[in-house]
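Computed from heavy atoms alone, side chains included, the values below leave out hydrogens, waters and symmetry copies. Numbers here simply count residues along the sequence, with the first being 1.
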Amino acid sequence: MTPLNRSLLVSVLQPPAEEQQNAFYLPEDVVTNKKQFEVVEVIEVSSESKFVNKLNRGDRIVVEGQMLRNIEVLGTTATLIEDNYVLAKV
């Protein structure tokens, strides 16, 4: 999968916290997470992203955990995040 529209394809390094009951509806592609921030590994950066020349495959970055989105396409699940939710490079 190739990320587009300022998205980054990432892999979550720590397993998400156990599932919890939400008091409101969340779309299924939103990763529910108790952690406000999450460390992820960069797999690929969209050519439209402001980080295209700053982040490389394998870099570890800190992102807003609740903004991670799981997308299932053709039997494969990918985790994406928009570049405006990237906070730091570790």
All side chain to side chain contact (heavy atoms under 4.5 Å, CB included) counterparts of Thr76, not counting sequence neighbours
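Checked Thr76 against side chain to side chain contact (heavy atoms under 4.5 Å, CB included); zero matches.
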
Among residues at least two apart in sequence or on other chains, which ones pass side chain to side chain contact (heavy atoms under 4.5 Å, CB included) with Ser49?
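In terms of side chain to side chain contact (heavy atoms under 4.5 Å, CB included), with neighbours along the sequence ignored, Ser49 is linked to Leu8, Val45, Ser46, Phe51, Asp83.
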
Check the pair Phe37 / Leu87 against side-chain contact (heavy atoms from CB on, under 4.5 Å), numbers first and verdict last.
CA-CA 9 Å; Phe37 306 106; Leu87 303 173; 3.3 Å; yes

Shared hydrophobic cluster for Leu4 and Ile43 (ILVMFWY, side-chain gaps under 4.5 Å):
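No, Leu4 does not connect to Ile43 through the hydrophobic network.
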
Counting C-beta onward and ignoring hydrogens, is there a side-chain heavy-atom pair between Leu13 and Val40 closer than 4.5 Å?
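No; the side chains remain at least 4.5 Å from each other.
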
Test item: Val42 and Ile61 side chains (from C-beta on) under 4.5 Å apart, heavy atoms
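Yes, close enough: below the 4.5 Å cut-off.
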
Take Gln36 and Gln66 through the test side-chain contact (heavy atoms from CB on, under 4.5 Å) and record every step on the way to the result.
CA-CA 6 Å; Gln36 184 175 5; Gln66 66 272 19; 4.3 Å; yes

Please list all pairs passing the salt bridge (Lys or Arg N to Asp or Glu O under 4.0 Å) test where one or both residues lie in residues 42-64, with sequence neighbours left out.
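As it turns out, the salt bridge (Lys or Arg N to Asp or Glu O under 4.0 Å) pairs with a partner in residues 42-64, which skip direct neighbours, are Asp59-Lys89.
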
Any chance you could lay out the side-chain contact (heavy atoms from CB on, under 4.5 Å) test for Val10 and Leu80, step after step, and finish with the verdict?
CA-CA 6 Å; Val10 297; Leu80 295 170; over 6 Å; no

Given Thr77 and Ile71, is the side-chain contact (heavy atoms from CB on, under 4.5 Å) satisfied, shown in steps?
CA-CA 5 Å; Thr77 302; Ile71 298 173; over 6 Å; no

Return the CE to OG distance between Met1 and Ser7, rounded to the nearest 0.5 Å.
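Output value for this atom pair is 10.5 Å.
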
Are side-chain N/O atoms of Thr79 and Asn70 paired as donor and acceptor at under 3.5 Å?
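A pair is found: one side chain offers a donor N or O, the other an acceptor, under 3.5 Å apart.
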
